[in-house]
Peer 1: 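Below: one structure in structure tokens.
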Amino acid sequence: PYFQIFWDRRLRALKAATESDLEIVDRFWNGFLDYSDWAQNWFDTYTLLQFKGDLSLEEGGPFADGEIINFLNALKDAGYDGEGEISFWQKGPSQTELNNWLNDTEDTYSEDYLKTCGYDEVDYAADKFNDFIDTVRTIEKEKLQKRWEYWLGWFYQDSGQQDYDAGTDNSYFAIFKRIVNGEPSKDFLGIYNWIGAINNVENKLGECRIDSNGNIANAPCKHSSPGQPDYYATIDKNTDDEFAAVRSRLYDIASHVLRFNGALWDLNRQINETMEQAIDLRIGNASLTGTNPITYSWSDSLGSHKVIVEVSNFNIPRTKTVERGNWWSGQSCTVMKKYKDETGENTWVRIRREDPDNRQVGILGFWRSGDAEGAIERTAHAAYSYDYVKLVK
């Protein structure tokens, strides 16, 4: 009975809430997603350089592994690759194997193929950080910073712990949480457990021996005892403590990721609060509440009624720049990502009406509505690709 009034009031309230949300988003973006400052200085320096290596500053220089990779490689070569050691990192994949996967347009090569070639947790983390940076660049390029409704679902999903545990929450919030804390059900250790494994190896190291030239002769090794002024644990012939340096890098990465996730959770909370204030409307015995789903409810002589409208958290197509090849022979391609849902399973609108069932309405007899629960529900699925959109069911 009050739907038209609700609709008018909601549009007015949403306009006010949207203006408030823009201020919230501006604070978040300028504080955490300003690519020229935070994203570049942190994600590039602390993740890509450390995980994937960097092109030498010398013209034509070789592609060199970063600090963390060199460290892990030294421990692997020394035989510390057993359970509780450096099992989370494997050598590879080679550039050819990686190109096979990157250039695959027929789904011939799966991630399982990469795993057999040495694709590991460290590679996964680097790729996800790289993907995140590319997403930030795309949002800035398309000037979508203020259109939070387009990108917030990529960053955070209100799916709950159950979806996270099931591995179906693929937001950056969930991905970064897995990278830091691990996912035991999938044998994914995560950064904190990488640090624990590095500590296990350090505890097993023997005492360093110095040769006649003053160099360490049996690296990796350690000298003295932890906590002592002259203590160090090293992977090479000098006395630099690479164990302490890599631990510091990893803790720094983890702390930045968790600080970002905290800000992201807070952004989602603030937006939800402003939206709930905007749409939580009540007149007499009727109300309009929720964001997704939205619930319109009212009461009459038969009892309580509801109409619930929900849409799926479908992926919005976007472009991504992919670097293929290597420093000697490579190319940069712009590809479209998440551009299709050929079956419509992930793109849908569901409408459900719930009415009192089996109620006496005088001489008309009993009121029957819908299924056994007094509900009528219909779901429409849309399939799409780069060249079509159609209703499939």
Side-chain angles (χ1 to χ4, degrees), residues 93 97-117 119 123-124 126-139 141-142 144 147-160 162-176 178 183 185-186 188 291-294 308-325 331-353 375-393:
E97 291 165 335
L98 190 59
N99 286 347
N100 285 341
W101 184 62
L102 288 173
N103 295 314
D104 180 22
T105 59
E106 304 297 330
D107 293 329
T108 304
Y109 301 100
S110 65
E111 285 199 9
D112 288 335
Y113 160 80
L114 277 186
K115 289 177 182 177
T116 63
C117 302
Y119 189 86
D123 293 315
Y124 172 86
D127 285 344
K128 295 304 180 183
F129 285 133
N130 189 36
D131 184 72
F132 175 79
I133 292 170
D134 191 78
T135 299
V136 173
R137 285 172 171 163
T138 300
I139 293 171
K141 180 181 178 181
E142 302 299 328
L144 294 173
R147 300 299 301 273
W148 57 266
E149 65 273 18
Y150 284 106
W151 52 260
L152 185 57
W154 302 341
F155 288 17
Y156 187 94
Q157 295 177 12
D158 287 312
S159 55
Q162 183 175 355
D163 283 354
Y164 175 79
D165 291 340
T168 56
D169 183 350
N170 291 314
S171 66
Y172 286 118
F173 180 92
I175 289 170
F176 292 166
R178 292 182 189 117
E183 196 168 9
S185 63
K186 296 187 176 182
F188 191 97
T291 53
N292 186 27
I294 296 171
I308 304 167
V309 181
E310 181 180 9
V311 298
S312 63
N313 189 18
F314 59 90
N315 290 314
I316 298 176
R318 60 188 177 92
T319 58
K320 178 177 181 178
T321 301
V322 177
E323 304 290 342
R324 291 169 174 162
Q331 59 181 332
S332 177
C333 301
T334 299
V335 297
M336 184 174 286
K337 306 288 288 185
K338 302 179 180 178
Y339 64 87
K340 63 181 178 179
D341 180 5
E342 295 176 331
T343 64
E345 289 302 314
N346 299 316
T347 311
W348 48 263
V349 177
R350 178 180 296 126
I351 300 177
R352 178 182 176 88
R353 173 163 176 161
I376 300 173
E377 181 175 297
R378 298 291 184 269
T379 302
H381 293 256
Y384 63 90
S385 188
Y386 65 93
D387 58 348
Y388 71 87
V389 176
K390 63 181 180 181
L391 194 65
V392 292
K393 56 181 175 179

Peer 1: I need the Y384 OH to N346 CG distance, nearest 0.5 Å.
Peer 2: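 These two atoms lie 7.5 Å from each other.
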Peer 1: Indicate yes or no for a side-chain donor-acceptor contact from W151 to the backbone of L144 under 3.5 Å, with no hydrogens or angles considered.
Peer 2: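 Present.
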Peer 1: With a sphere of 6.0 Å drawn around OH of Y388, does it hold more than 12 non-hydrogen atoms of other residues, nucleotides or ligands?
Peer 2: yes
Peer 1: To check you understand the geometry: which heavy-atom pair defines the closest contact between E342 and A383, and what is its length?
Peer 2: O-CB, 3.5 Å
Peer 1: Once rounded to the nearest 0.5 Å, what's the spacing between atom CZ of F155 and atom CZ of F176?
Peer 2: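 The distance works out to 8.5 Å.
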Peer 1: Would a distance-only check, ignoring hydrogens and angles, find a side-chain to backbone donor-acceptor pair under 3.5 Å from S385 to K340?
Peer 2: no
Peer 1: Have a look at I351 and tell me which of V309, I308, I376 forms a side-chain contact (heavy atoms from CB on, under 4.5 Å) with it.
Peer 2: V309
Peer 1: Sequence neighbours excluded, which residues qualify as side-chain contact (heavy atoms from CB on, under 4.5 Å) partners of T343?
Peer 2: D341, E345
Peer 1: I'd like to check the salt bridge (Lys or Arg N to Asp or Glu O under 4.0 Å) partners of R350; sequence neighbours left out, ordered by chain and number.
Peer 2: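 Salt bridge (Lys or Arg N to Asp or Glu O under 4.0 Å) list for R350, sorted by chain: E310, E377.
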Peer 1: Only counting residues at least two apart or in another chain, list the ones meeting side chain to side chain donor-acceptor pair (under 3.5 Å) with S171.
Peer 2: D169
Peer 1: Quick one, Y172 with V136, criterion side-chain contact (heavy atoms from CB on, under 4.5 Å). Give me CA distance, side-chain angles, the key distance, then yes/no.
Peer 2: CA-CA 12 Å; Y172 286 118; V136 173; over 6 Å; no
Peer 1: Starting at OH of Y124, measure out to CD1 of I175 and round the result to the nearest 0.5 Å.
Peer 2: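 Those atoms lie 4.5 Å apart.
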Peer 1: What heavy-atom pair brings F188 and R178 nearest, and what distance separates the two atoms?
Peer 2: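 What the structure gives for the nearest pair is CE2-O, 3.4 Å.
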